[in-house]
Amino acid sequence: MLINQLNLHNLTSLWKKYGASTVAETFSSALLASNSWPYRAWVEGKPDLALQVTKTPHSHRLFMHSGNPQNQAVQQDPTTQLNSDWQLEFEQTAMYLPLKNYQTKPIEDSSFVMSKVTDYAHLQEWLAISSEAFNYEMDENVFTPLLNDPDIEIYLGKVNEKPAVSALLYKTQNVTGLHQMGVKNAFQGQGLAKKAMYLLLDKAVKHGSDFMVLQASPMGLPLYQSLGFDSIFELKYLKRK
């Protein structure tokens, strides 16, 4: 797979881990939708905008991207391809970092520790941080089963034992995907995101991954650029008006 395909595969495979079902099909395309949170709807197979527009559940976000060179519908602003019933909700930038020559960065801050979440109590702390950081309510029923998933690691960062940072790593093929990277409001502006990234990149190297991939918000883009991540394509999420 090309790196853009690896990035997309990691993302949509995680959505399937969260729980998803096929809601409509054609001969060459399938529309999948989340069973609950995060309420995403996306096409697998041949791009089919008409299928998305007509069959995406009303509660879900229509997902479009420019990562498929054959997907001509998203080479322009996707909102120009849709009727007035849809509006752009938010955008992300797909990024990647080669890990072959990555040099581990030591963290000289004994007050900051990131640990793998392995129990329900710590998952509740993680969910609270991520919900606050992304300004939407996380569904514990989605994440509780993932505590035992061999391909997923959920990390909780603490400053002086106080919960401060959330992150999730998901390994697919030769990449480790970073998801749900958030910093609690009270701890923002202290450089914790970069410290956390150094530790998470070290985890990805230990996974044996060739790349780390992620989807950055406009706010997170400068951080990832400063760490050497390259942008590869844009992702757009639309909702019904």
Side-chain angles (χ1 to χ4, degrees), residues 1-96 139 142-143 145-146 149-152 168-180 209-217 229-241:
M1 286 187 180
L2 300 174
I3 188 61
N4 58 342
Q5 295 171 313
L6 290 168
N7 189 302
L8 281 170
H9 178 258
N10 185 269
L11 176 62
T12 58
S13 293
L14 182 61
W15 290 344
K16 290 178 184 178
K17 290 274 191 180
Y18 291 162
S21 305
T22 299
V23 295
E25 290 182 280
T26 65
F27 179 76
S28 56
S29 308
L31 179 67
L32 286 81
S34 307
N35 295 337
S36 58
W37 184 93
Y39 300 102
R40 303 285 184 252
W42 70 99
V43 166
E44 295 192 348
K46 183 179 179 180
D48 191 332
L49 181 59
L51 182 65
Q52 286 185 281
V53 169
T54 57
K55 298 299 184 180
T56 290
H58 283 260
S59 57
H60 284 53
R61 280 20 179 191
L62 187 154
F63 171 65
M64 307 182 78
H65 62 84
S66 57
N68 183 346
Q70 297 180 337
N71 191 350
Q72 299 300 316
V74 294
Q75 298 307 308
Q76 306 174 35
D77 183 344
T79 58
T80 66
Q81 308 293 314
L82 302 172
N83 60 38
S84 59
D85 293 337
W86 295 88
Q87 65 182 14
L88 182 66
E89 183 174 32
F90 66 94
E91 300 177 83
Q92 294 176 318
T93 300
M95 309 186 80
Y96 79 103
D139 187 346
V142 168
F143 288 93
L146 303 183
D149 191 298
D151 298 319
I152 290 176
L168 183 153
L169 297 182
Y170 177 40
K171 179 78 159 52
T172 53
Q173 297 181 324
N174 63 330
V175 305
T176 293
L178 172 68
H179 305 273
Q180 298 303 136
S209 294
D210 295 325
F211 305 96
M212 176 176 274
V213 297
L214 55 84
Q215 300 79 38
S217 67
F229 281 81
D230 289 323
S231 302
I232 43 178
F233 61 90
E234 301 301 314
L235 309 94
K236 298 177 185 289
Y237 300 81
L238 299 101
K239 66 177 181 179
R240 285 186 170 87
K241 294 181 179 178

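To the nearest 0.5 angstrom, Asp48 atom CG is 7.5 Å from Thr54 atom OG1.
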Given the rule in the side-chain contact (heavy atoms from CB on, under 4.5 Å) test, do Phe233 and Leu8 qualify, once you have shown the distances and angles that lead to the verdict?
CA-CA 10 Å; Phe233 61 90; Leu8 281 170; 3.5 Å; yes
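Legend: salt bridge (charged side-chain N to carboxylate O under 4.0 Å, His left out) pairs involving residues 33-42, not counting sequence neighbours: none detected. Sequence neighbours left out, the pairs with a member in residues 51-64 that pass salt bridge (charged side-chain N to carboxylate O under 4.0 Å, His left out) are Arg61-Glu89.
Remark: Lys16 engages Glu44 in a salt bridge (charged side-chain N to carboxylate O under 4.0 Å, His left out) (not counting sequence neighbours). Remark: Ser34 engages no residue in a side chain to side chain donor-acceptor pair (under 3.5 Å) (not counting sequence neighbours). In this structure, Asp230 has no salt bridge (charged side-chain N to carboxylate O under 4.0 Å, His left out) partners at least two apart in sequence or on a different chain. In this structure, the salt bridge (charged side-chain N to carboxylate O under 4.0 Å, His left out) partners of Glu91, at least two apart in sequence or on a different chain, are Lys236.
No donor-acceptor contact under 3.5 angstrom links the side chains of Asn10 and Gln173, judged on distance only.
Using cut-offs of 30° and 60° for the angle between ring planes, the His60 and Tyr39 rings count as perpendicular.
Counting heavy atoms from C-beta outward, Ile152 and Leu14 have side chains that approach closer than 4.5 Å. At least one side-chain heavy atom of Leu31 sits less than 4.5 Å from a side-chain heavy atom of Thr56. For the pair Asp210 and Val175, the minimum side-chain heavy-atom distance is 4.5 Å or more. In this structure the side chain of Arg240 reaches within 4.5 angstrom of the side chain of Trp86, judged on heavy atoms. Here the side chains of Met64 and Glu234 are not in contact, with every heavy-atom distance at 4.5 Å or above. Using a 4.5 Å heavy-atom threshold, the side chains of Leu168 and Phe143 count as touching. A 4.5 Å side-chain heavy-atom check between Leu11 and Phe63 finds at least one atom pair inside the cut-off. Side chains of Leu146 and Tyr18 form a contact here, defined as non-hydrogen atoms less than 4.5 Å apart.
Among all heavy-atom pairs drawn from Leu235 and Thr93, the shortest one is CD1-C, 3.9 Å. Among all heavy-atom pairs drawn from Trp37 and Val142, the shortest one is O-CG2, 3.7 Å. What you find for Met95 and Asn7 is that their closest heavy atoms are O-ND2, 3.0 Å. What you find for Gln52 and Ala41 is that their closest heavy atoms are NE2-O, 4.0 Å. Listed here is the closest heavy atom pair of Ile232 and Ile3: CD1-O, 4.2 Å. Closest heavy-atom contact between Leu88 and Tyr237: CD1-O, 3.6 Å.
Panel note: side chain Ser29, backbone Lys46; a donor-acceptor pair is recorded below 3.5 Å.
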